[in-house]
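First up is the structure itself, then whatever we jot down about it.
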Amino acid sequence: MAEGARVFISGRRLDHLNEAVALTGGNMTAIRGDVTNRDDLDRLFEAVKADTGKLDILVTSSGISEYSTIDEISEEHFDKAFDVNVRGMVFAVQRAAPLMPPGGAIVLIGSIAGFIGTPGYGAYGASKAAVRSFARTWTNELAARGIRVNTLSPGPTDTPMFDGLGEEVRRSLVAQIPLGRLGRPDEVAAAALFLASDESSFIAGAELCIDGGMSQV
């Protein structure tokens with residue numbers, strides 16, 4: 001919005017959506033919905049089309065991460081990870097692409113977990129590897145329409161997803177990061193803005209890691 005965009009957000013938790021709208025002074029449209037629900041996705045993109053007639057930028061950021069080793073993993077655990085992290089993303093992009101004019105940009109939020117192999121997070125890591133793979137495929141499929149697709153892969157970031165971690169776990173993560181701290185949400189947002197903007201107009205099919213060097217050295 002600071003860049004002049006008309007912004008729509010969607011998520012399952014209405015209280016969180018309302019908080020986000022309040023932080024922007026009401027200059028945002030929130031539409032409650034579940035990314036894994038086909039009807040909710042239809043309602044979201046129908047609302048965008050009715051309001052603006054087009055969609056210049058799509059950022060897919062829904063995600064879930066739960067612990068389970070190969071000895072414990074259940075079908076429910078696996079399905080939940082891929083439903084939210086992959087299936088929801090795929091069908092959001094499918095609905096968004098027809099609304100996007102040439103010059104459009106899609107930013108898929110992945111994770112460095114997609115290639116570092118964290119014990120106990122196999123389904124999560126595999127789902128994020130799928131995000132990266134789709135970015136490559138969609139770059140080829142959508143380039144003729146003038147739509148760029150890139151992946152933004154954060155490392156450990158100080159968000160509510162990390163609130164349940166004990167201090168020992170947080171310290172262990174920080175110890176693995178060359179810059180010596182967790183990332184901040186605003187740093188991830190700045191990277192997403194770069195990939196969505198004309199400043200990255202010759203970048204497509206790429207993965208930008210925002211991880212303080214954790215996966216890079």
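Any value given below was found using the heavy atoms of this structure, including those in side chains, with hydrogens, waters and symmetry copies removed.
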Please report the shortest heavy-atom distance between [X] and [Y], naming the atom on each side.
X	Y	answer
A196	I57	CB-CG2, 3.7 Å
R43	R32	NH2-O, 2.8 Å
A204	T139	CB-CG2, 3.9 Å
P178	G212	CD-O, 3.3 Å
I112	C209	CG2-SG, 4.2 Å
L152	A191	CD1-CB, 3.6 Å

Considering only NZ, NE, NH1 and NH2 on the basic side and carboxylate oxygens on the acidic side, decide whether D56 and K54 come within less than 4.0 Å. yes
R95 bridged to D42 by N-O distance under 4.0 Å: yes
Answer yes or no: does atom [atom1] of [X] have more than 12 heavy-atom neighbours from other residues, nucleotides or ligands under 6.0 Å?
X	atom1	result
I70	CD1	no
Q216	CD	yes
R38	CZ	no
E72	CD	yes

[X] side chain near [Y] side chain, heavy-atom distance below 4.5 Å:
X	Y	value
R184	D158	no
M100	R145	no
T29	I9	no
P119	Y67	no
P156	V174	no

Closer than 3.5 angstrom, by distance alone: can the side chain of [X] be matched with the main-chain N or O of [Y] as a donor-acceptor pair?
X	Y	value
S74	H77	yes
E199	L195	no
T157	G155	yes
S172	E168	no

Audit row: F45, L58, side-chain contact (heavy atoms from CB on, under 4.5 Å) steps and yes/no: CA-CA 11 Å; F45 289 104; L58 174 69; 4.2 Å; yes
Single-linkage hydrophobic cluster, 4.5 Å side-chain cutoff, [X] and [Y] together:
X	Y	value
M214	F115	yes
L44	V107	no
V48	L142	yes
V59	I106	no
M89	Y121	no

Inter-residue atom distance [X].[atom1] - [Y].[atom2], 0.5 Å rounding:
X	Y	atom1	atom2	result
I116	S111	CD1	OG	7.0 Å
S68	K80	OG	NZ	12.0 Å
L99	E46	CG	CD	10.0 Å

Would you check, one step at a time, whether the test side-chain contact (heavy atoms from CB on, under 4.5 Å) holds for N150 with L208? CA-CA 8 Å; N150 288 291; L208 177 58; over 6 Å; no
Distance-only donor-acceptor hits, side chain of residues 124-137, under 3.5 Å, sequence neighbours excluded:
unit_1 : atom_1 : unit_2 : atom_2 : d
S127   : OG     : N85    : ND2    : 3.0
S127   : OG     : A123   : O      : 3.4
S127   : OG     : Y124   : O      : 2.7
K128   : NZ     : I109   : O      : 3.1
R132   : NE     : E207   : OE1    : 3.3
R132   : NH1    : G205   : O      : 3.1
R132   : NH2    : G205   : O      : 3.0
T137   : OG1    : S133   : O      : 3.4

May I ask you to check whether S201 and R148 show a side-chain donor-acceptor distance below 3.5 Å? no
Indicate whether the side chain of R12 and that of S62 have a donor and an acceptor atom separated by less than 3.5 Å. no
Contacts of type ring pair (Phe, Tyr, Trp, His ring centres under 6.0 Å), residue F194, not counting sequence neighbours: none
List for me each residue that meets side-chain hydrogen bond (donor to acceptor under 3.5 Å, both in side chains) alongside R181, sequence neighbours excluded, and say none if there are none. E187
Give the C-alpha distance, both sets of side-chain angles, the deciding distance and a yes or no for side-chain contact (heavy atoms from CB on, under 4.5 Å) between F8 and D51. CA-CA 10 Å; F8 294 80; D51 189 285; 3.7 Å; yes
What's the verdict on side-chain contact (heavy atoms from CB on, under 4.5 Å) for D211 and I177, showing C-alpha distance, side-chain angles and the deciding distance? CA-CA 7 Å; D211 65 353; I177 301 172; over 6 Å; no
Criterion side chain to side chain donor-acceptor pair (under 3.5 Å) on D34 and T36, from CA distance to verdict: CA-CA 5 Å; D34 185 335; T36 66; 2.8 Å; yes
Check the pair D15 / R13 against salt bridge (charged side-chain N to carboxylate O under 4.0 Å, His left out), numbers first and verdict last. CA-CA 6 Å; D15 56 335; R13 292 171 289 190; 5.6 Å; no
